[in-house]
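Some notes on the structure that comes next.
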Amino acid sequence: MPEPLAFAHIGDLHLTTGEAENARDFAAIVAQLNAVEGLDFVFLPGDNADNGRPEQYALVRAGLDSLHLPAHVITGDHDMEGGSLDAFQAGLGGPPLPYAVDVRGVRCLFLDMCGTGTGGPDFRLGPEQVAWLASELETAGARDCALFMHSYPSDLKGEGEASQVADLIHRGPVRLVEMGHTHYNELANDGRTVYAAARSTGQIEEGPVGYAVAALDGGVVSWRFKELARPWPFVLITAPADRRLAIDAGHAVGERFTLRALVLGPAERVEFRLDDGPWQAMAREDGARCHAAEVTWPAGARAVAVRARGRGAEDTDTIEPATEADGLPISRGIGSDADALGTWPARGLLGTQLGPNRNGRQW
């Protein structure tokens with residue numbers, strides 16, 4: 001079975017000066033990610049420079065230059081604060097948006113929600129970019145796609161764009177949409193696509209600083225926030241799907257299934273258990289990035305946990321697999337946070353929605 005796509009999502013940086021706390025946090029996150037293997041790339045979701053100034057982009061560039069992983073950086077409204085994206089493009093380089101790359105069989109699509117607008121949260125894609133997205137999704141066919149954009153499709157202001165883009169995503173092969181902007185962690189599931197927003201690194205209103213780790217494993221989406229202060233190892237169960245993130249009838253488990261977990265950082269022992277049962281060893285084949293085990297799922301079982309121990313520290317991830325196809329989420333509002341899952345502390349979802357979209361300050 002192909003290895004899952006796995007990446008780190010560092011939320012909106014809002015960098016100002018090198019002496020600011022968020023600049024130090026960014027450097028610490030980069031150093032932490034450089035210390036482990038198992039990720040394909042790092043994603044920055046926009047609002048990289050708080051005022052869109054060249055000296056602020058120089059700070060972003062310095063961090064990216066020290067990163068050992070590939071990085072994909074898109075635009076946010078703060079990147080347009082100077083009235084254009086000239087400083088963004090000059091300071092960070094990279095391919096012009098939009099663009100697409102294939103990573104572990106997943107088509108990853110990166111969008112610019114800001115360059116067509118007038119600045120601020122005037123989010124627009126423009127006709128050419130909408131047509132590009134439609135063409136990419138049609139060409140992808142049945143291949144899984146992941147979409148990377150600054151905010152929810154419902155925030156698009158172009159005429160008809162919000163509904164058009166949401167419909168393209170909902171009818172197409174997009175399994176995951178990764179976003180910034182909210183400044184809080186949030187997961188939404190409309191029954192076909194999971195939307196994931198990671199909290200800001202720079203303008204923090206809820207919880208400690210950190211970053212998200214996400215995976216797409218044979219159509220199964222997994223996502224979990226890692227606090228910067230927590231030591232390695234870090235565990236993310238990539239298959240099967242948790243019932244709250246299941247998006248396909250095939251994600252419901254049967255009597256037997258393959259359990260897979262991505263373990264980042266040193267781990268001397270990796271094991272799993274069902275509910276409160278005994279811990280059982282998991283193995284990793286040579287060259288594989290995930291630990292795996294064949295699991296017999298007894299009637300009435302509720303949860304499966306994976307634990308990793310190494311260098312005096314340990315971490316555990318727990319999911320509740322979907323057991324019935326008719327219990328999967330159903331959309332209440334395609335392309336928006338109407339489908340948000342709410343509080344889920346084990347995933348870093350605090351449910352306070354402190355940020356620009358809802359209850360926070362108007363950054």
Residue that, paired with Asn185, satisfies side-chain contact (heavy atoms from CB on, under 4.5 Å) out of Thr352, Leu350, Leu349: Leu349

Basic-acidic side-chain contact under 4.0 Å: Arg302, Glu320: yes

Glu161 side chain vs Leu125 backbone, donor-acceptor pair below 3.5 Å: yes

is_close_aromatic(Phe148, His9), centroid dist under 6.0 Å: no

Salt bridge present between Asp315 and Arg230 (N-O < 4.0 angstrom): yes

Electrostatic pair Glu271:Arg269 at N-O distance under 4.0 angstrom: yes

Qualifying residue for side-chain hydrogen bond (donor to acceptor under 3.5 Å, both in side chains) with Gln56, from Asp79, Asp50, Asn51: Asn51

Salt bridge present between Asp40 and Arg289 (N-O < 4.0 angstrom): yes

Enclosure of Glu294 CD (heavy-atom neighbours >12, cutoff 6.0 Å): yes

Asp190 and His170: CA distance, side-chain angles, deciding distance, side-chain hydrogen bond (donor to acceptor under 3.5 Å, both in side chains) verdict: CA-CA 8 Å; Asp190 71 3; His170 192 67; 3.1 Å; yes

Hphob cluster co-occupancy, Tyr195 + Val213, side-chain heavy atoms under 4.5 angstrom: no

Cluster check Leu15, Leu85: I/L/V/M/F/W/Y, side chain < 4.5 angstrom: yes

Crowding at CD, Glu138 (>12 non-hydrogen neighbours, <6.0 Å): no

Qualifying residue for ring pair (Phe, Tyr, Trp, His ring centres under 6.0 Å) with His72, from Phe43, Phe7, Phe41: Phe41

